[in-house]
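Working notes for the structure below.
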2 protein chains.
Amino acid sequence: MNEAKRKRLEQAGWAVGDAAQFLELNEHEARFVEMKLALAAGVRQKRERIGLTQTSLAERLGSSQSRVAKIEAGDRSVSIDLLVRSLLTIGANPAEIAQYIKRAGATRAA
Amino acid sequence: MNEAKRKRLEQAGWAVGDAAQFLELNEHEARFVEMKLALAAGVRQKRERIGLTQTSLAERLGSSQSRVAKIEAGDRSVSIDLLVRSLLTIGANPAEIAQYIKRAGATRAA
DNA sequence: GGGAAATATGTCATATTGGACATAGATTCT
DNA sequence: AGAATCTATGTCCAATATGACATATTTCCC
């Protein structure tokens with residue numbers, strides 16, 4: 001692929017690269033999602049252990065029940081920032097949050 | 001403070017609560033910022049170790065040099081999501097990312 | 001000191017995220 | 001079964017994050 005065509009594709013919103021790059025992107029994306037899901041599971045686990053309902057956690061977060069549901073589902077519209085802030089709000093400390101993230105990579109060869 | 005006034009203040013964008021809640025919020029905010037800074041430092045460290053320039057990392061991220069500078073500065077406009085994606089891009093795995101986060105809480109009593 | 005390369009800072013337009021609401025579905029209790 | 005409580009899903013629009021660009025500042029080498 002020549003430079004001009006590459007530019008055109010990228011301008012149109014395509015990430016252009018070779019197969020290795022493509023696989024790498026997917027791998028990173030997969031890890032990213034796994035981390036989010038691990039944190040989401042952490043939120044649910046801690047909330048239930050504390051005996052909070054989604055609604056009451058939502059109040060503490062200054063948010064809504066529906067968003068808490070999405071947080072715990074690891075919904076696309078939920079950022080890691082929101083997951084982390086949620087965990088801090090229910091009393092997790094950085095070390096605990098780190099544990100969740102560490103767990104996200106545990107099933108794969110590091 | 002009566003309910004009506006509270007509502008008015010909250011409507012105006014004020015989080016209304018008692019002193020303990022206020023301190024707790026600040027503490028969580030502080031931890032959140034520390035986590036971001038720890039991740040930001042991780043990005044810089046790994047980038048430099050690899051011998052990349054901010055511009056070349058920006059290319060890999062599909063972003064710009066200025067944003068990489070902000071990433072490494074832990075700028076307000078940089079989300080943890082972006083920090084994590086940056087770290088994954090320069091070859092950090094979840095376990096390594098967890099280490100950075102764990103470090104963020106290490107100077108304080110857990 | 002001067003030029004080049006690297007990094008930092010400010011701003012803008014666009015894309016993404018988040019809180020809110022409505023409503024659907026699930027679970028539990030009697 | 002059905003009422004009550006809890007959780008899930010979809011949509012809207014306000015707020016925030018992001019890439020891009022321009023430009024300033026710092027660092028390094030000669």
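None of the values given here were measured: they were computed from a predicted structure. Chain A is the first sequence line, chain B the second, and so forth, proteins listed ahead of strands; every chain is numbered from 1.
For the pair B:E29 and A:R85, the salt-bridge criterion is not met [side-chain N within less than 4.0 Å of a carboxylate O].
Each of B:S66 and B:D81 has a nearest nucleotide on DNA chain C; the 5'-most of these lies closest to B:S66.
Rounded to an integer number of Å, the gap from CZ of B:F32 to C1' of D:dT16 is 12 Å. When rounded to the nearest whole Å, the span between CG of B:L52 and P of C:dT7 equals 10 Å. At whole-Å resolution of the value, CG in B:L61 and C1' in D:dA20 are 14 Å apart. In this structure, A:E59 places its CD atom 14 Å from C1' of D:dC6, rounding to the nearest Å.
Distance from the side chain of B:R67 is smallest for D:dG19 among the nucleotides D:dG19, C:dC21, C:dT17. Picking from C:dT11, D:dC6, C:dG19 the nucleotide with the shortest atom distance to the side chain of B:K70 gives C:dT11. Looking at the side chain of B:L82, the nearest of the listed nucleotides C:dT9, D:dT18, D:dA8 is D:dT18. Picking from C:dA8, C:dT11, D:dT7 the nucleotide with the shortest atom distance to the side chain of A:R44 gives D:dT7. The side chain of B:R85 lies closest to D:dT18 when the candidates are C:dG10, D:dT18, D:dG10. In the set C:dG18, C:dA8, D:dT7, the nucleotide with an atom closest to the side chain of B:Q65 is C:dA8.
When all heavy atoms are compared, the tightest approach of A:A104 to A:M35 is CB-CA, 3.7 Å. Across A:V43 and A:L83, no two heavy atoms sit closer than the pair CG2-O, 4.1 Å. Contact record, A:A38 with A:Y100: CB-O, 3.4 Å, taken as the closest heavy-atom pair.
The residue A:V68 sits apart from the nucleic acid: no heavy atom pair falls under 4.0 Å. Here B:S64 lies in heavy-atom contact (under 4.0 Å) with a base. Base contact: B:S77 has a heavy atom under 4.0 Å from a base atom.
Proximity of A:R67 to A:D75: side-chain heavy atoms (C-beta onward) are nowhere separated by under 4.5 Å.
Taking only side-chain nitrogens and oxygens, A:R76 never comes nearer than 4.0 Å to OP1 or OP2 of D:dT9.
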